[in-house]
Every structure is written in C-alpha cells, then in structure tokens.
Amino acid sequence: MDTEDKEQSRDFIRDIIDDDLKTGKYEGRVHTRFPPEPNGYLHIGHGKAICLNFGIAEQYGGLCNLRFDDTNPTREGEEYVQSIIEDIKWLGFDWEDRLYFASDYFDQMYEYAVQLVKDGKAYVDDLNAEEISEHRGTLTSPGKNSPYRDRPVEENLNLLEKMKAGEFGDGEKVLRARIDMAHPNMNMRDPVMYRILHAAHHRTGDKWCIYPMYDWAHGLEDSIEKITHSICSLEFENHRPLYDWFLDELGVYHPQQIEFARLNLSYTIMSKRKLIRLVEEGDVSGWDDPRMPTISGIRRRGYSPESIRSFCRRIGVAKFNSTISLELLEHCVRQDLNKTSLRFMGVLRPLKVVIDNYPEGQVEELDAVNNPEDPDAGTRKVPFSKVLYIEREDFMEDPPKKFYRLSPGREVRLRYAYFVTCTDVVKDENGEVIEVHCTYDPATRGGDSPDGRKVKSTLHWVSAERALDAEVRLYDKLFTVEDPLGQKDADFRDFLNPDSLEILKSCKAEPAAGNLKPFDRIQFERIGYFCVDPDSAEEKPVFNRAVGLRDTWARIQKQQKKKK
RNA sequence: UGCCCGGUGGUGUAAUUGGUAACACACCAGACUCUGGUUCUGGUAUCCAAGGUUCGAGUCCUUGCCGGGCAACCA
C-alpha cells in the first residue's frame with residue numbers, strides 16, 4: 001500500500017480525540033468498540049463503522065472491542081454472531097481477546113437498575129405498551145405521568161425483583177426511568193429500561209426473563225468496558241442526553257458518545273429490513289449474492305478487503321447525510337486488484353479463428369506475464385494452436401471509425417503470440433459471421449515485429465484445442481436508479497435492475513485459469529476483474545465479474561451513438 | 001406546529017481553527033502503452049441566502065430558506 005493511501009485525512013471525530021488527548025480527558029487512552037446486534041448480516045455500511053472504530057484505535061495506538069449488543073433474544077442468534085465475526089476478520093481487523101457480549105453484563109446492569117430505583121430515579125409501571133404510548137404525548141405536546149410513577153421505593157424494589165423472578169407475563173410490567181414526561185426530547189419521557197420477555201437467550205438461556213432496552217444497556221456496556229469514544233450513527237444523536245443521564249445518575253465512568261452519518265451508496269440499499277425482502281422474495285440468491293451490499297456478497301463478488309478499507313478511508317466521516325457514488329467503490333476495487341491480481345486470458349463470447357498458414361496439430365507454449373504491475377508474480381505458459389477463440393466483439397466485418405480491432409484485411413496482435421491478418425470470414429445462413437480466417441507472421445512470435453511495424457490493437461485469445469470451458473456471471477448494479485428508496489409512490493423493488501445478472505455458460509479460458517481456488521481474484525485481460533465462485537466444479541470453473549476494466553472503446557461508442 | 005442535527009465543484013471530503021478554497025472520484029483533452037487496462041500531463045467546475053462583527057469570514061453572530069432525525073416493551 002502506498003504511504004499516500006495510508007494517510008488518514010482529518011475528520012471531526014479525530015479532532016475531538018485530539019482535543020481529549022490534549023486535555024488528558026481519558027488519561028491519554030483511546031478505546032473504541034464496534035457493537036453489532038447479532039440479528040443480521042453485516043453490509044458495507046457496517047464496514048464504514050468497523051473501519052472507523054478499528055482504524056481510530058490503530059491510528060492512536062488504542063484498542064477496539066468487538067461487542068455483540070445482544071439485548072433482544074427474540075431477534076438474535078448464534079448464527080449471526082459467527083457470520084459477523086467472519087466478516088470482520090475478513091475485513092482485516094483484530095480485537096484480540098476483547099470479544100464481549102452485552103449479555104455478559106446483565107447481572108451488573110440489574111444491580112445498577114436497583115441502584116436507580118433506590119435513588120427514586122426509576123419505577124415499575126403497570127401500564128401496557130399502548131397506554132404508555134398514549135401517555136407519552138406527541139412531538140409537539142407534553143406527555144402525562146403514569147399513575148404508577150410515584151410508587152414508593154420499597155414497592156418498586158419488590159416489583160422489580162418479582163419481574164426478574166418471572167412472576168409476571170410478557171408485557172405486564174416494565175421498569176422505567178423517572179425523568180420528565182414533558183421533556184421536549186421524547187427519549188427523555190420516562191424511557192423503558194426493562195421489559196419482560198419470557199424468551200430463551202442464545203447465551204444466557206432461561207436465566208433472564210427481563211431484558212434491558214438499548215438506551216439503558218448501551219451506555220453501561222461502554223462504561224463497563226471503559227470505552228473512551230462511543231461512536232454511533234446519527235439517529236442516536238437524540239439519545240445522547242439519555243445516554244449521559246443514566247451514566248451521570250449512576251455516577252459511573254462516562255464515555256463520550258459521538259455520532260456520524262452512516263454510509264449511503266448509490267444504486268443500492270443499506271437497510272437490513274429491505275435487504276431481507278430481497279432475499280425472501282427471491283430477487284437475489286441469498287445474503288451472499290454477489291449483487292448484495294453485504295460483506296459476504298461483496299466478498300463473493302470479488303471485492304478485496306483492502307479495497308473496502310481504502311474506500312472507507314476515502315469517503316471520510318462527517319455529520320452530513322450523503323450518498324457516495326458507486327464509481328468510487330469500483331475505483332477502489334480496480335485500484336487494488338490492478339496491483340494484486342494475476343492476469344489470464346478468457347473469452348466470454350467466443351468467435352472461432354483459424355490461422356490458415358499455421359501447421360495443423362502444432363501447439364506452442366508461449367510466455368505470458370502474470371502481472372505487469374508486479375514483477376515478482378512471474379510468467380506462465382499459454383498454449384497456441386491453429387484454431388483459436390477470440391472475443392466476438394473484437395471482430396467487425398464493417399468497422400466504424402476508431403474501431404482498431406480485427407476486421408477484413410487488418411493486422412492485429414494476439415497478445416503474447418503473433419501478428420495475424422484477417423483474410424476471410426465464414427457466415428451462417430443468417431449472414432452472421434461464425435468463423436474468421438487469418439494468416440500469421442511467424443517472425444512476430446511472442447508479439448513483437450522485428451521490422452518494427454505497429455498494429456493498432458492487441459487481442460486476447462484462447463487456444464480452441466486446449467481451452468477450458470467456464471461459466472461467467474456478469475454482475476451489474478442491483479437497481480436502475482441511484483436512490484431506490486427515495487422514489488415517490490413506488491416500492492424499491494420496482495427499480496430492481498433486470499440486467500443485474502447475465503450468465504454466460506460457454507466461455508473459454510486458458511488452461512492456467514483452471515488451477516484456481518474459490519474466492520481467488522484474477523483479471524481476465526481486457527475484460528475485467530473476476531472472482532472464482534464457490535459453485536465452481538473441477539472441470540468447469542465459475543467466475544463472477546467483480547468489476548469491468550475501464551472501457552474507453554465503450555465510451556467512444558456511446559459518444560458516437562449520441563452524435564447520431 | 002416542539003426538540004436535535006446538518007448545508008463547501010456533478011459526487012464526496014478538507015482548509016494550518018479568522019488570512020484569500022485543496023484532494024479524490026466522475027467528466028473532457030492529450031502523451032505513453034504487447035490489456036482501448038495501468039501510468040503521466042493538462043482542463044472544466046465549488047463556499048444555501050441576506051444582514052452583522054472584523055483590516056479581513058467557508059470559518060464567529062442573527063435571521064431566513066432547504067434537508068435529515070425523533071412519538072418500539074427495536075437497535
């Protein structure tokens with residue numbers, strides 16, 4: 001990685017940390033955490049938060065914990081814990097021995113709750129959910145006190161004990177903070193701290209039937225772990241006064257909550273709920289469908305961890321709700337894969353080429369560079385023979401201006417092989433070219449002409465005799481509009497891109513491409529970056545297109561079309 | 001008709017904290033090239049508005065406009 005890439009630009013969070021370091025607010029410590037709820041799969045938006053929290057810890061020589069915020073057993077489970085751990089590791093971050101669970105703190109939290117009750121700062125409420133909602137008032141009008149708000153401390157203590165002991169059914173009672181039912185911030189209108197849930201927890205089993213709410217639990221988790229900077233997304237801004245209130249009333253260690261704008265990416269969605277719909281409605285093949293913005297999807301697509309980290313570094317951190325263009329992500333992917341991926345030749349839509357003056361049955365092993373960006377990657381042999389495949393779109397019988405590739409009478413280079421000149425075409429009954437005949441110049445073996453003559457273009461090719469059959473899955477944007485959720489009077493699924501997946505089953509690749517493992521990332525020269533899919537079979541690999549190469553010819557074609 | 005937060009090129013982010021707007025992506029033009037890739041060079045384009053403070057404002061103050069969030073026993 002370039003030192004330039006490593007450079008972290010300023011942001012308001014690092015400014016706050018610098019200030020705190022200057023004033024010695026946390027004795028010079030920097031300790032962050034990434035606190036996912038284990039109720040779904042991580043997506044690239046989480047990736048931003050992960051890079052932020054782990055990145056800050058790394059940069060300041062501090063620590064970052066991985067903490068599962070598992071306070072709601074009805075939605076959470078072990079399978080999510082495992083996938084989240086795998087995804088964060090894959091992204092390249094390490095929490096060492098600091099893997100924590102909010103559920104590990106349930107006893108401590110309960111003790112704190114008892115303390116607040118004793119201080120007259122919390123009470124047991126018999127109102128049901130609907131009644132509590134009615135008493136809460138509205139955004140513009142104050143709420144009303146619950147009739148149970150002024151219960152004596154002893155009674156509250158007793159009731160709380162009974163709640164914990166399982167003497168009440170779900171929803172019969174709650175523990176609430178006693179703050180202010182007329183507070184302009186709705187979060188401060190006596191928020192619920194504990195609800196009764198007779199549900200088995202994936203870690204604590206049946207030990208508990210009361211579970212803490214986010215606002216009550218989260219600050220305590222941060223406090224217990226001695227977090228210094230508790231970084232969360234913007235929608236918790238209105239919760240900060242409550243975060244502070246609990247910690248202050250308890251008189252315990254008090255981290256600083258800082259909110260930032262979560263990631264939005266054009267042409268996709270980031271909402272867990274809506275991603276679930278895509279999976280359930282069968283719009284995609286699963287959570288790891290390469291079109292999904294999930295970490296597992298991105299991984300299968302062929303995006304590298306480094307490219308994600310580079311992306312997160314470039315997008316910055318701010319409080320403004322922005323949408324990052326997909327192009328930037330793709331740029332980061334290309335930038336990394338250009339430097340790191342091995343090159344191969346593969347033909348997506350084969351067109352048969354016969355080299356008429358090449359000896360029948362002869363096979364030559366020609367040297368090809370594995371990665372021009374990395375001399376250490378070495379070279380390999382590519383077999384050349386009389387019958388080859390080239391890309392169908394690399395030949396045009398009647399070429400337009402600026403088309404440099406093969407056409408009748410024209411000479412081009414076959415990469416690492418020979419200069420060839422098109423002499424003839426064979427068409428089917430519909431007039432479609434099904435075969436191209438060429439002659440080759442034996443003096444240009446390897447791809448250089450001794451007489452110094454130039455050709456306008458170089459084509460990739462595969463020996464027909466030695467070709468490896470492959471399937472290629474071409475992925476494109478999942479949606480046709482930049483903001484699928486912002487379209488008026490329409491469901492986001494109405495904007496699914498019908499061409500987001502094109503499957504090509506009769507592709508041809510050079511033999512060396514058969515020696516790859518699932519998740520290996522390569523470049524098919526002149527086409528794009530690809531990733532070996534786990535669906536690959538021994539005799540027929542499957543390649544997912546991560547992203548195409550920048551395509552100047554496609555751009556020229558577009559311009560030419562516009563002019564017409 | 002409440003509270004909180006935000007507004008810098010097309011898109012994002014920055015500006016030595018009050019000193020004359022930069023970086024990246026995208027786009028355009030050119031150079032180089034055995035990938036129409038990579039690389040290199042150049043270019044277009046920006047402070048929401050109005051007042052105020054100041055020698056000087058993207059930065060501070062006021063007002064307005066626009067955008068986002070908040071009324072789960074979700075996180």
Side-chain angles (χ1 to χ4, degrees), chain A residues 7 9-11 15 35-37 39 69 71-72 74-76 125 127-130 132-134 136-143 170-176 183-189 191-197 210-211 213-215 217-218 232-241 259 261 266 272 314-332 334-335 338-339 343 345 368-369 372-373 402-405 413-417 419 444 446-449 454-460 482 523-528 548-556:
Chain A
E7 256 171 44
S9 81
R10 300 300 317 164
D11 60 62
D15 286 343
E37 183 188 13
N39 73 337
D69 202 4
T71 57
N72 186 351
T74 63
R75 331 201 303 176
E76 298 154 2
D125 197 346
L127 258 31
N128 63 35
E130 196 182 331
I132 287 178
S133 175
E134 284 165 8
R136 189 152 25 229
T138 71
L139 293 176
T140 53
S141 62
D170 287 1
E172 266 185 56
K173 287 182 167 40
V174 289
L175 183 74
R176 300 178 72 178
H183 199 106
N185 181 342
M186 299 291 288
N187 295 125
M188 300 296 273
R189 319 246 259 227
V192 173
M193 295 164 63
Y194 276 104
R195 76 283 217 189
I196 299 172
L197 242 38
I210 59 171
Y211 290 94
M213 300 291 291
Y214 170 86
D215 286 308
H218 204 88
C232 62
S233 47
L234 241 34
E235 67 268 30
F236 293 104
E237 215 159 13
N238 292 332
H239 295 242
R240 177 152 34 94
E259 311 84 11
S266 62
K272 244 187 232 179
R314 283 156 183 266
I315 59 179
V317 187
K319 300 192 71 158
F320 177 64
N321 270 304
S322 61
T323 300
I324 311 288
S325 63
L326 189 60
E327 283 94 339
L328 180 60
L329 214 206
E330 294 185 333
H331 167 81
C332 293
R334 287 192 192 103
Q335 184 184 253
N338 174 51
K339 282 186 290 193
R343 269 62 169 175
M345 289 199 284
V369 173
E373 304 293 321
K402 292 192 179 176
F403 180 89
Y404 303 147
R405 280 107 98 143
R413 171 169 37 232
L414 294 180
R415 187 137 160 98
Y416 299 126
F419 283 17
T444 57
D448 284 305
S449 61
K454 303 271 186 209
V455 286
K456 279 276 221 175
S457 77
T458 301
L459 308 187
H460 61 276
E482 286 194 24
Q523 180 192 108
F524 277 129
E525 294 215 34
R526 304 211 308 132
I527 303 176
L549 254 31
R550 283 184 56 129
D551 190 344
T552 307
W553 170 235
R555 221 179 312 155
I556 291 169

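Here is how names work: the chains are called A, B, and so on, in the same order as the sequence lines, proteins then strands, and each is numbered from 1.
Heavy atoms of N128(A) sit under 4.0 angstrom from at least one base atom. Note on A318(A): only backbone sugar-phosphate atoms sit closer than 4.0 angstrom, heavy atoms only; bases stay farther off. Here S322(A) lies in heavy-atom contact (under 4.0 Å) with sugar-phosphate atoms only. At a threshold of 4.0 angstrom between heavy atoms, the contacts of T323(A) are confined to the sugar-phosphate backbone, with no base atom among them. Counting any heavy atom pair closer than 4.0 Å across all strands shown, H239(A) reaches a base atom. Within 4.0 Å of I210(A), counting heavy atoms only, lies no atom of the nucleic acid at all. Y416(A) comes within 4.0 angstrom of a base, heavy atoms only. Nucleic acid contact for V192(A): sugar-phosphate only, since backbone atoms but no base atoms lie under 4.0 Å from a heavy atom of the residue. Using a 4.0 Å heavy-atom distance criterion, P372(A) is classed as a base contact. Nucleic acid contact for V455(A): none, since no nucleic acid atom lies under 4.0 Å from a heavy atom of the residue. If you check every strand for non-hydrogen atoms under 4.0 Å, L549(A) touches a base. Within 4.0 Å (heavy atoms only), R413(A) reaches at least one base atom of the nucleic acid. R189(A) comes within 4.0 angstrom of nothing in the nucleic acid, heavy atoms only. Counting any heavy atom pair closer than 4.0 Å across all strands shown, T71(A) reaches sugar-phosphate atoms only and no base atom.
Considering only residues two or more places apart in sequence or on other chains, R405(A) meets the side-chain hydrogen bond (donor to acceptor under 3.5 Å, both in side chains) condition with D394(A). Residues meeting the side-chain hydrogen bond (donor to acceptor under 3.5 Å, both in side chains) test with T458(A), sequence neighbours left out: R413(A). Residues passing the side-chain hydrogen bond (donor to acceptor under 3.5 Å, both in side chains) test with H331(A), sequence neighbours excluded: none. Residues that satisfy the side-chain hydrogen bond (donor to acceptor under 3.5 Å, both in side chains) test with E237(A), not counting sequence neighbours, are K319(A). A search for ring pair (Phe, Tyr, Trp, His ring centres under 6.0 Å) contacts involving H239(A) returns F236(A), not counting sequence neighbours. For D215(A), the salt bridge (charged side-chain N to carboxylate O under 4.0 Å, His left out) test picks out no residue, with sequence neighbours left out. Partners of H460(A) under the ring pair (Phe, Tyr, Trp, His ring centres under 6.0 Å) rule, at least two apart in sequence or in another chain, do not exist in this structure.
Atom C1' of nucleotide G68(B) and atom CD of E259(A) are separated by 14 Å, given to the nearest angstrom. Rounded to a whole Å, the CG atom of N338(A) is 18 Å from the P atom of U33(B). Between the CG atom of D551(A) and the P atom of G36(B) there is a distance of 9 Å, given to the nearest Å. Between the CG atom of D215(A) and the P atom of A72(B) there is a distance of 13 Å, rounded to whole Å. The distance between atom NE2 of H460(A) and atom C1' of G36(B), rounded to the nearest whole Å, is 13 Å. Spacing between atom NZ of K456(A) and atom P of G37(B) amounts to 13 Å, rounded to whole angstrom units. Rounded to an integer number of Å, the gap from CD1 of I527(A) to P of G36(B) is 11 Å. Between the P atom of U38(B) and the CZ atom of R415(A) lies a distance of 14 Å, rounded to the nearest Å.
A close approach under 4.0 Å does occur between a side-chain nitrogen or oxygen of R526(A) and OP1 or OP2 of G36(B). For the OP1/OP2 pair of U16(B) and a distance below 4.0 Å, the side-chain nitrogens and oxygens of R10(A) include no atom meeting the criterion. When the side-chain nitrogen and oxygen atoms of S325(A) are compared with OP1 and OP2 of G10(B), none of them lie within a distance under 4.0 Å. Considering only side-chain N and O atoms, R550(A) lies under 4.0 angstrom from the phosphate OP1 or OP2 of C27(B). Applying the 4.0 Å criterion to OP1 and OP2 of A75(B), one finds that R195(A) has a side-chain N or O inside that range. For C73(B), the OP1/OP2 oxygens have a side-chain nitrogen or oxygen of R136(A) closer than 4.0 Å.
In this structure, F524(A) and M345(A) have side chains that are not in contact, with every pair of non-hydrogen atoms separated by 4.5 Å or more. Between F419(A) and V455(A) there is a side-chain heavy-atom pair separated by less than 4.5 Å.
When all heavy atoms of R240(A) and E259(A) are compared, the closest pair comes out as NE-OE2, 2.5 Å.
No N or O donor and acceptor, one from the side chain of R314(A) and one from the base of G12(B), sit under 3.5 Å apart. Below the 3.5 angstrom threshold, one finds no donor paired with an acceptor across the side chain of E327(A) and the base of U11(B). Side-chain atoms of R334(A) and base atoms of U38(B) include no donor and acceptor less than 3.5 Å apart.
Distances from the side chain of F236(A) to the nucleotides A71(B), A75(B), U35(B) place A75(B) closest. Nearest nucleotide to the side chain of F403(A), out of G37(B), A14(B), G36(B): G36(B). Side-chain proximity of E373(A) to the nucleotides G36(B), U17(B), G37(B) is greatest for G37(B). Closest to the Y404(A) side chain, of the nucleotides C25(B), G69(B), G36(B), is G36(B). When each of G36(B), A72(B), A24(B) is scored by its nearest atom to the side-chain atoms of M213(A), the top-ranked nucleotide is A72(B).
We find the CD-CD distance between E373(A) and Q523(A) to be 9.0 Å, quoted to the nearest 0.5 Å.
A salt bridge is absent between K173(A) and D125(A): the closest approach of a Lys/Arg side-chain nitrogen to an acidic carboxylate oxygen does not fall below 4.0 angstrom.
For the pair G447(A) and L197(A), both in contact range of RNA chain B, the more 5′-proximal nearest nucleotide belongs to G447(A). Each of G171(A) and I324(A) was assigned the nucleotide of RNA chain B with the nearest heavy atom; the assignment lying further toward the 5' end belongs to I324(A).
By the 5.5 Å and 30° criteria, W553(A) is stacked with the base of G36(B).
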Summary of protein contacts for nucleotides 1-9 of chain B, nucleotide by nucleotide, where a base hit scores B, a sugar-phosphate-only hit scores S (4.0 Å, heavy atoms): SBSBSSS--
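E130(A) and N128(A) share no side-chain donor-acceptor pair at under 3.5 Å.
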Watson-Crick or G-U pairs under 3.5 Å in RNA chain B, rendered as dot-bracket with [ ] for crossing pairs and | for another strand: .((((((..((((.....[..)))).(((((.......)))))....(((((..]....))))))))))).....
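With its glycosidic angle more than 90° from 0, U39(B) adopts the anti conformation. Here A72(B) is in the syn range [glycosidic angle within 90° of 0].
The C1' atoms of C74(B) and G10(B) are separated by 38 Å, rounded to the nearest whole Å. Spacing of C1' atoms, G18(B) relative to G58(B), comes out at 11 Å, to the nearest Å.
Taking the six-membered ring wherever Trp is involved, the centroid distance between the rings of F403(A) and W553(A) falls below 6.0 Å.
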